[in-house]
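The chains referred to below are lettered A, B, ... by the order of the sequence lines, with proteins before strands, and numbering in each begins at 1.
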There are 2 protein chains.
Amino acid sequence: MATRGRPRGFDRDVALRRAMTVFWEHGFEGASIADLTTTMGISAPSLYAAFGSKVDVYRESVALYRATDGALTRRALEAPTARQAIEAMLRDNADAYTDPGTPRGCMIVLSGPGDTVRDDAVHAFLVELRAATLDAVRARLARAVDEGDLPAGCDVGSVAELYVTVLYGLSVKARDGATRDDLSRVADAAMAAWPAMTGLLTAT
Amino acid sequence: MATRGRPRGFDRDVALRRAMTVFWEHGFEGASIADLTTTMGISAPSLYAAFGSKVDVYRESVALYRATDGALTRRALEAPTARQAIEAMLRDNADAYTDPGTPRGCMIVLSGPGDTVRDDAVHAFLVELRAATLDAVRARLARAVDEGDLPAGCDVGSVAELYVTVLYGLSVKARDGATRDDLSRVADAAMAAWPAMTGLLTAT
DNA sequence: TCTTTTCTGTAGTGATCGTTACAGATAGAG
DNA sequence: CTCTATCTGTAACGATCACTACAGAAAAGA
């Protein structure tokens, strides 16, 4: 069985990984097939034979990102307390966003604006992915309320929206050249607000 | 004197205003000359005669944005107290970002990521503009410390970075379809953190 | 009126876009 | 070996990109 014709002359996983970095750096519209094939080290027909089309490569790239760097957030939210979870989310992503080995910022966050994937299906898919992060954060906080980790009066929705908004902002700052320390300072400040945010303190 | 030859057949200011909305919505790379001329209601030669080139139109569009919607932040920072200034910055921009009459989010913030203006000069110009907002916020907070409005121990740099990060995040959320109420809730949460942020309260 | 100057519409420039037709190469199945 | 299936390189497809040559139109200055 399997693989009847001429075998593929390149490693599909390696090529996809390279394609991901191109999309990550330039966005969907900003990355041309020529950019992709050059970085992937293959010809256009090979790309189309292996992946289908540009949007297909993009979809697989996003899926790969979610399974690698994108999994940071999901993993961070598994921390034992809500505070540790949110802090880990901010810090781990701040580190990843400024990793010199990869493009800066979050691939999914940064493909929302500007880039504006004109393909409606892909655009909707990306919006959904970003919404999923908010949902995950909200769910984690709600669990903390259930567990008594956070007070019952805590406005879980607002807290989640604020910290996700900060997370989005970190991507923009990273893409603008902010250093790891810059983003770390933002994370510090955001976590300094934690007690006030979650109702452990009340304003004067 | 003046205007010897055939007079221009359209209102340059109106045309520029329309060009601004196209760039605002699609970014620099995402907006084609065909998009621009269609929306502006003029032909390509008229555009080039009146503005020079695509980047020239973009530069003028950004300048116009700064003079109109972009001035919101500058005006907000003139509020009598630092707290009022930051709150006005967040709320006024949250309103503007979701104004149904204009594209969503901030033109300057959203042209950073994804879009990635490939022209280096324009890119540097935009980075500088975003940095200028951070500087303005920091200066406003420093003034507040001088005036005794904020305590001397307040970490002005960190507070400024956090609130600008939140402001960036609002643009991303707005572009993703967040409503005015959504953004308003984020502003509420961010301002609930104000006392903790500025050292009026200390964590337990 | 006639020249000069500027704008406008038509039409087209070469370059690049995503994508593919085609033929040769290379494998398994018979 | 032959047939079939798949991949690869060359070379090109039509569409669109930013941009402009050119000629005619419309104004001021003479």
Side-chain angles (χ1 to χ4, degrees), chain A residues 1-16 18-20 22-23 25-62 111 114-123, chain B residues 1-16 18-20 22-23 25-62 111 114-123:
Chain A
M1 50 162 285
T3 69
R4 263 260 250 158
R6 175 174 175 175
R8 185 178 289 125
F10 60 95
D11 186 324
R12 194 182 189 279
D13 294 335
V14 171
L16 179 59
R18 293 181 178 168
M20 179 187 72
V22 174
F23 281 129
E25 190 162 3
H26 299 109
F28 176 73
E29 312 258 341
S32 69
I33 296 290
D35 289 335
L36 290 167
T37 54
T38 299
T39 303
M40 297 164 87
I42 62 176
S43 67
S46 295
L47 183 151
Y48 280 86
F51 297 96
S53 71
K54 186 183 176 185
V55 286
D56 288 325
V57 184
Y58 187 69
R59 268 193 280 258
E60 285 204 48
S61 296
V62 171
S111 61
D115 181 30
T116 65
V117 184
R118 224 118 162 180
D119 186 292
D120 285 342
V122 176
H123 178 72
Chain B
M1 51 165 290
T3 71
R4 264 260 252 161
R6 174 174 174 174
R8 186 178 288 125
F10 60 94
D11 186 325
R12 195 183 188 278
D13 294 334
V14 170
L16 179 59
R18 292 180 178 168
M20 179 186 73
V22 174
F23 280 127
E25 191 163 2
H26 300 109
F28 176 73
E29 312 258 342
S32 68
I33 296 291
D35 289 335
L36 291 168
T37 54
T38 299
T39 305
M40 297 165 88
I42 63 177
S43 67
S46 296
L47 183 151
Y48 281 87
F51 296 96
S53 72
K54 187 184 175 184
V55 286
D56 288 326
V57 184
Y58 187 68
R59 267 194 280 259
E60 285 205 47
S61 295
V62 171
S111 62
D115 181 27
T116 66
V117 184
R118 223 116 164 182
D119 185 294
D120 286 341
V122 175
H123 178 71

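- Taking atom CG of B/Leu47 as the reference point, atom P of C/dC7 lies 13 Å away to the nearest angstrom.
- Note: CZ (A/Phe23) to C1' (C/dG18) measures 11 Å, nearest angstrom.
- OP1 or OP2 of C/dG9 has at least one side-chain nitrogen or oxygen of B/Ser43 nearer than 4.0 Å.
- Heavy-atom minimum distance, B/Ala19 versus B/Val57: CB-CG1, 3.8 Å.
- Straight-line distance from the CZ atom of A/Arg12 to the P atom of D/dC7: 10 Å, rounded to whole Å.
- Taking B/Arg8 as the reference, B/Phe10, B/Arg12, B/Ala50 meet the side-chain contact (heavy atoms from CB on, under 4.5 Å) condition, with sequence neighbours excluded.
- Counting to the nearest Å, the C1' atom of D/dG9 and the CZ atom of A/Arg8 are 16 Å from each other.
- For B/Ser46 and C/dT8, the shortest distance from a side-chain N or O to OP1 or OP2 is below 4.0 Å.
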Where protein sits on nucleotides 14-24 of chain D, one letter per nucleotide: B base, S sugar-phosphate only, - none, heavy atoms under 4.0 Å: ---SSBBB--B
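- A/Leu36 has its CG atom 10 Å from the P atom of C/dT19, to the nearest Å.
- Going from atom CZ of B/Phe10 over to atom C1' of C/dC7 covers 9 Å, rounded to whole Å.
- Residue A/Ser43 comes nearest to A/Thr37 through the heavy atom pair C-CG2, 3.9 Å, listed as atom of the first residue, atom of the second, then distance.
- Summarising the geometry of A/Phe23 relative to A/Ser61, their closest heavy-atom pair is CD1-OG, 3.5 Å, with the distance given to 0.1 Å.
- Residues meeting the side chain to side chain donor-acceptor pair (under 3.5 Å) test with A/Thr39, sequence neighbours left out: none.
- Expressed to the nearest 0.5 Å, how far CZ of B/Phe28 lies from NE2 of B/His123 amounts to 13.0 Å.
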